[in-house]
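Remarks on the structure that follows.
Chain letters run A, B, ... following the sequence lines, proteins first and then strands; every chain starts at 1. Because only heavy atoms are used, hydrogens play no part in the values below, and waters and symmetry mates are left out as well, while side chains stay in.
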2 protein chains.
Amino acid sequence: MANGQAEDRPLTRIQQKNRQTILDAALEVFSQNGFRGSTLDQIAEVAGLSKPNLLYYFPSKDAIHAQLMATLLDTWLHPLRALDADGDPVAEIMAYLRRKLELSRDFPRESRLFANEILQGAPRMKAALEGELRTLVDEKAAVLRAWAAAGKIADLPPHHLIFSIWALTQHYADFEVQVRAVLGEDHDPYAEAQGFLDTLFRKLLAP
Amino acid sequence: MANGQAEDRPLTRIQQKNRQTILDAALEVFSQNGFRGSTLDQIAEVAGLSKPNLLYYFPSKDAIHAQLMATLLDTWLHPLRALDADGDPVAEIMAYLRRKLELSRDFPRESRLFANEILQGAPRMKAALEGELRTLVDEKAAVLRAWAAAGKIADLPPHHLIFSIWALTQHYADFEVQVRAVLGEDHDPYAEAQGFLDTLFRKLLAP
DNA sequence: GTCTATACTCTGATAGAC
DNA sequence: GTCTATCAGAGTATAGAC
């Protein structure tokens, strides 16, 4: 083994800090250029480290990206996991919508990293999409279906209802350049989106 | 000048056919990997031509991409241009929605090429977004605002209403891998989306 | 018009001094 | 732990034979 982190010894504080710096720089670069379009030189420059030093902390470009992917899916699914079958139907869905929009606003780079991966055919995440993601969505879709059957919300195809929340919230992060180009300077896209999407889903969900 | 197409002489039929073959292959490759992530080797292989032969028809990788971008924006804006201020408000918006969804279904590669460009910060299209696109959207937003003022449709922020149509329809092309992973084999995403989005916008637009 | 060969640059990764 | 130097391979583009 050429370096410390490949062994089981715990990382020193400086190692942890540098690994975090690298991952943050990699998030910046990968989220804008995709995996193939990004270079170690770019990541090294953003991180303020030399290229060989990057490869002291991670064995390869692939390993850096894999580490980002591993934490990404969890971050991404967390808001949906929190949807509570025992809560008030409309309130639960509206809360999920709000959490997703906040995720777009506060973590746009993560959103774009995810979008890049999916756009490119999800080569490093397909298994997780067909496994973990699908299982979770099916589970929550069943909850939505039960709420509709009980007359608590409108009767809509639950999977597409979930897709619509994803599409509408992630759009503001992934297409941010376009949104800002169209709206100009004097707008607060996320504040406006919150009001608009609130109205949209209240109308949509009304039985 | 090293080759014919840089001069003003009209292209021969074989030249036009080869240029089209190359552009189609480039669309396939660029839409999946982005500009930096794509290579001339990949495009040449998909096109069934040698790499130097590619560069006989186009002066550079950049030129191929630029040609695709030039036609893309027009294709992309066409459905919105067709929104008629003198037509029936709800019918016009629903027709626009349908045209956009058909565009996603029939031209998913174009949708992903566009998404890649925007995700990467629109380095080759920013001017067009702030110019041509913004002008068109502002014009149609005024139409929507007038319809709302006349009580023909619900009073909603027109720009965000347009964004929602973009987000919801393009999602099915750009995130197709995820949609299929979640839905599994026994679904027709676009057929279902058409019904769902139809319901969604009828509810939303009702005054 | 199309191909082979090749020039030159960029990129991921390693060696080895300090 | 971090750096300079460097290698091997991939990538864009060109030269020149046919």
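For A:N53, the side-chain atoms get nearest to D:dC3 when compared with the rest of D:dT12, D:dC3, D:dT14. Closest approach to the B:Y57 side chain among D:dT14, C:dT2, C:dC3 is made by C:dT2 (side chain taken as heavy atoms from C-beta onward). Checking D:dT2, C:dG12, C:dT2 against the side-chain heavy atoms of A:K51 singles out C:dG12 as nearest. In this structure, of C:dC3, C:dA13, D:dT12, it is D:dT12 that holds the atom nearest to the side chain of B:K61. With D:dT2, D:dT14, C:dG1 as the choices, the nucleotide that has an atom nearest any side-chain atom of B:Q15 turns out to be C:dG1. Nearest to the side-chain atoms of B:R36 among the listed nucleotides C:dT11, C:dA13, D:dA13 stands C:dT11. Among the nucleotides D:dA13, D:dT12, D:dT2, the one closest to the side chain of A:I14 is D:dT2. Taking every side-chain heavy atom of B:Y56 into account, C:dG1 is the closest of C:dG1, D:dC3, C:dA13. Listed candidates were D:dT4, C:dT2, D:dT12. Nearest to the side chain of A:P52 is D:dT4. Residue A:D41 has its side chain nearest to C:dT11 when only C:dA13, C:dT11, D:dA13 are considered.
Between B:I43 atom CD1 and D:dT12 atom C1' there is a gap of 11 Å when expressed in whole angstrom units. Between A:R19 atom CZ and D:dG1 atom C1' the separation is 15 Å, expressed in whole Å. As a whole-Å value, the separation of A:L55 CG from C:dG16 P is 17 Å. Distance, B:N18 CG to C:dG1 P: 8 Å, rounded to whole Å. The nearest whole Å value for the distance from the CG atom in A:L40 to the P atom in C:dT14 is 11 Å. B:I22 has its CD1 atom 12 Å from the P atom of C:dG1, to the nearest Å. Summarising the geometry, the separation between CD on B:Q42 and P on D:dG11 is reported as 7 Å, rounded to the nearest angstrom. Taking atom CG on A:N33 and atom P on C:dT11, their separation rounds to 11 Å, with Å as the unit.
In the displayed structure, A:K203 atom NZ is contacted under 6.0 Å by more than 12 heavy atoms of other residues, nucleotides or ligands.
For the residue pair A:Q120 and A:N116, a side-chain donor N or O sits within less than 3.5 Å of a side-chain acceptor on the partner.
Remark: A:S38 is not in phosphate contact with C:dT11, judged by side-chain N or O atoms under 4.0 Å from OP1 or OP2. Phosphate contact (OP1/OP2 of D:dT2, side-chain N/O of A:S50, threshold under 4.0 Å): absent.
Seen from the ring of A:Y172, A:R105 does not count as a face-on cation partner, given the 6.0 Å and 45° thresholds. With a 6.0 Å cutoff to the six-membered ring centre and a 45° limit on the axis angle, B:R124 counts as a cation-pi contact of B:F35.
Salt bridge present: B:D24 and B:R109 bring a charged side-chain N and a carboxylate O closer than 4.0 Å.
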